[in-house]
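To start, the structure under review is shown below, and the notes come after it.
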Amino acid sequence: MYKALLKPLFFQLDAERAHHLVFDNLKRAHQLPGTAALLRGLYDFRHPALEREVFGLTFRNPVGLAAGFDKNAVLTDELAALGFGFVEIGTVTPRPQPGNPTPRLFRLPQDEALVNRMGFNNEGAAAAANRLRQRRSDILIGGNIGKNKDTPNEQAAADYVACVEALHEVVDYFVVNVSSPNTPNLRQLQEREPLIQLLQQVQERNQALPRPRPLLLKIAPDLTDGQLDDILLIARETQLSGLVATNTTISRDDLQTPAGQVAALGAGGVSGRPLRRRATEVIRYLHRNSQGQLPIIGVGGINSAQDAQEKLAAGASLLQLYTGFIYEGPSLVKRINQALVSA
């Protein structure tokens with residue numbers, strides 16, 4: 001029904017407007033008696049073989065929703081009914097911010113891809129925490145955290161620490177996001193020295209709180225092998241629980257959409273099918289060079305059960321969907337889980 005009826009309607013609208021329309025309608029429908037049970041019956045496939053123990057948490061299945069879709073923790077209960085094993089909210093910043101000017105989200109249908117330059121638009125850590133306190137489902141929640149746009153890089157650690165303090169009681173793990181291409185100078189924090197300093201401060205605060213949460217780092221697909229080696233050293237030095245690989249790419253290589261059309265959209269990170277191969281390469285490199293000791297959440301270009309199995313074979317412990325979920329609809333989660341059980 002999604003691909004035949006809903007998707008053509010949504011794709012006639014501006015991408016961000018369609019996103020909000022989906023949110024509004026899913027929220028409204030979920031309030032009707034029986035809708036949650038209907039959605040679970042359609043999409044929520046459960047089997048003991050799907051359970052995963054990763055960084056001390058038990059995931060009911062390995063297919064999660066990536067950060068960026070539910071930035072403000074508005075739909076966690078509704079998304080749980082669609083069969084996800086976990087949901088990562090955010091990116092959340094300490095203070096609310098509007099993000100970059102619109103339009104800032106674009107589809108590349110020929111590539112089954114998106115281009116976004118959202119800029120960490122969100123309602124702030126306190127608003128997300130309040131919503132999570134009111135949720136009813138027991139789905140695992142990740143908190144993807146970032147800095148406000150107007151916070152200098154030299155003071156970035158304080159923003160990440162503030163997010164940890166605000167969300168600690170209501171999330172199950174944290175992801176430090178320094179790899180978005182849409183906040184000016186943010187990716188400079190991926191360099192060795194600033195990244196060590198930032199993670200050490202965040203980890204110190206995390207460990208001082210009751211029941212410290214697993215702390216992960218989300219990395220860009222555009223890093224060199226040498227930079228990936230640095231990431232592995234930093235992960236050990238700062239006692240990270242895992243990595244999320246990967247964020248969107250600034251590369252415009254190998255796109256089927258005409259170059260002029262892509263250039264006209266302007267800056268932004270590309271997600272979806274064009275990212276599949278590079279994300280898998282990064283996962284495989286990190287898994288091999290960490291001797292499989294560092295859990296990896298694999299994300300980037302998962303549009304089918306085969307794509308999901310490719311990421312797992314490369315060394316991912318868990319998976320996340322975003323663009324594939326937009327193009328394929330909620331049945332993709334069920335198809336992946338069914339394939340994993342029958343494999």
Side-chain angles (χ1 to χ4, degrees), residues 52-57 59 62-64 66-68 85-86 88 91 142 144-145 173-181 186-196 198-200 202-203 213-251 253 269-302 306-324 336 340:
R52 300 288 190 276
E53 293 281 345
V54 186
F55 35 82
L57 299 174
F59 294 80
V63 185
F86 61 108
E88 192 170 303
T91 296
N144 188 296
I145 57 177
Y173 69 89
F174 283 107
V175 176
V176 172
N177 186 357
V178 293
S179 53
S180 169
L186 181 72
R187 284 192 169 189
Q188 294 177 7
L189 294 174
Q190 289 184 121
E191 297 299 326
R192 178 178 172 81
E193 290 307 317
L195 185 55
I196 288 176
L198 187 152
L199 291 174
Q200 284 177 335
V202 176
Q203 187 70 283
R213 303 301 190 229
L215 184 68
L216 288 76
L217 174 69
K218 188 166 188 175
I219 64 171
D222 308 306
L223 300 179
T224 65
D225 287 353
Q227 289 173 313
L228 293 176
D229 291 336
D230 282 343
I231 292 293
L232 290 174
L233 290 172
I234 292 167
R236 286 195 290 270
E237 186 171 339
T238 59
Q239 298 182 308
L240 293 182
S241 297
L243 299 172
V244 181
T246 65
N247 212 319
T248 58
T249 179
I250 58 174
S251 171
D253 295 340
V270 175
S271 63
R273 188 170 291 283
L275 188 55
R276 178 186 64 82
R277 183 171 62 181
R278 178 55 185 164
T280 302
E281 290 173 351
V282 171
I283 292 165
R284 185 176 294 112
Y285 187 93
L286 294 170
H287 179 73
R288 182 176 65 243
N289 288 281
S290 67
Q291 292 76 50
Q293 298 302 304
L294 191 63
I296 300 167
I297 300 179
V299 53
I302 301 176
Q306 182 179 356
D307 295 336
Q309 289 168 323
E310 177 187 79
K311 292 284 192 291
L312 294 170
S317 300
L318 300 166
L319 306 168
Q320 286 181 336
L321 310 178
Y322 183 99
T323 306
I336 292 173
L340 294 179

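None of these values were measured; they are calculated from a predicted model.
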*Residues which pass side chain to side chain contact (heavy atoms under 4.5 Å, CB included) with Gln239, listed by chain and number, not counting sequence neighbours*: Gln203

*Would one find more than 12 heavy atoms of other residues, nucleotides or ligands at under 6.0 Å from atom CZ of Arg277?*
no

*Could you tell me whether a side-chain N or O of Gln190 sits under 3.5 Å from a main-chain N or O of Ala220, the two making a donor and an acceptor?*
yes

*asked:* Are there over 12 heavy-atom neighbours, none belonging to Gln306, within less than 6.0 Å of that residue's CD?
replied: no

*Validation row: Ile297, Leu319 side chains within 4.5 angstrom (heavy atoms)*: no

_Side-chain donor/acceptor of Ser179 to backbone N/O of Lys218, under 3.5 Å_ = yes

*Mind checking whether Leu217 and Val244 have side chains closer than 4.5 Å, heavy atoms only?*
no

*Residues two or more places apart in sequence or in another chain: which of them pass side-chain hydrogen bond (donor to acceptor under 3.5 Å, both in side chains) with Arg278?*
Glu281

*Could you tell me the separation between the CG atom of Leu199 and the OG1 atom of Thr238, rounded to the nearest 0.5 Å?*
4.5 Å

*Could you walk me through whether Leu286 and Leu294 pass the side-chain contact (heavy atoms from CB on, under 4.5 Å) test, one step at a time?*
CA-CA 8 Å; Leu286 294 170; Leu294 191 63; over 6 Å; no

*Which pairs with one or both residues in residues 288-298 pass side-chain hydrogen bond (donor to acceptor under 3.5 Å, both in side chains), sequence neighbours excluded?*
none

*Taking C-beta and beyond as the side chain, do Leu198 and Leu189 meet within less than 4.5 Å on heavy atoms?*
yes

_Heavy-atom pair with the smallest gap, counting every atom of Ile296 and Ala245_ = CG2-CB, 4.2 Å

_Can you give me the closest heavy-atom contact between Ala279 and Gly300, atom names plus distance?_
CB-O, 4.0 Å

*Would you sort out whether Ser271 and Thr323 count as a side chain to side chain donor-acceptor pair (under 3.5 Å), showing the intermediate values?*
CA-CA 6 Å; Ser271 63; Thr323 306; 2.6 Å; yes

*asked:* If the condition is ring-ring contact (aromatic ring centres under 6.0 Å, His included), which residues does Phe86 pass it with, not counting sequence neighbours?
replied: Phe59

_Heavy-atom pair with the smallest gap, counting every atom of Pro221 and Thr246_ = CB-OG1, 3.5 Å

*Qualifying residues under ring-ring contact (aromatic ring centres under 6.0 Å, His included), relative to Tyr173, sequence neighbours excluded*: Phe55

*Within a strict 4.5 Å, meaning less than it, do heavy atoms of the Leu340 and Pro62 side chains meet?*
yes

*Which heavy atom of Ala67 sits nearest a heavy atom of Tyr322, and at what distance?*
O-CD1, 3.9 Å

*Go through Leu233 and Arg192 one step at a time and tell me if the side-chain contact (heavy atoms from CB on, under 4.5 Å) criterion holds.*
CA-CA 9 Å; Leu233 290 172; Arg192 178 178 172 81; 4.0 Å; yes

*What is the minimum heavy-atom distance between Leu57 and Pro214, and which atoms define it?*
CD1-CG, 4.3 Å

*Measure the shortest side-chain to side-chain distance between Val282 and Leu223 over non-hydrogen atoms and say whether it is less than 4.5 angstrom.*
no

*Quick one: CG on Leu240 to CD1 on Ile234, what's the gap to the nearest 0.5 Å?*
9.0 Å

*Can you tell me how far CG of Leu195 sits from CD of Glu237, rounded to the nearest 0.5 angstrom?*
10.0 Å

*Flag the pair Tyr285 / Asp229 as yes when at least one side-chain heavy-atom distance between them is below 4.5 Å, and no otherwise.*
yes

*Asp222 side chain vs Ile250 backbone, donor-acceptor pair below 3.5 Å*: yes

*At what distance, to the nearest 0.5 angstrom, does CG of Asp230 lie from OG1 of Thr224?*
8.0 Å

*Determine whether Thr248 and Pro181 make a side-chain contact, defined as any pair of heavy atoms from C-beta on separated by less than 4.5 Å.*
yes

*Report yes if the side chains of Val176 and Leu216 come closer than 4.5 Å at any heavy-atom pair, otherwise no.*
no

*Can you name the closest pair of heavy atoms from Ala308 and Ile336 and give their distance?*
CB-CG2, 3.6 Å

_Pairs where residues 309-319 contributes a residue and the test side-chain hydrogen bond (donor to acceptor under 3.5 Å, both in side chains) is met, not counting sequence neighbours_ = Arg276-Glu310, Thr280-Glu310, Thr280-Lys311

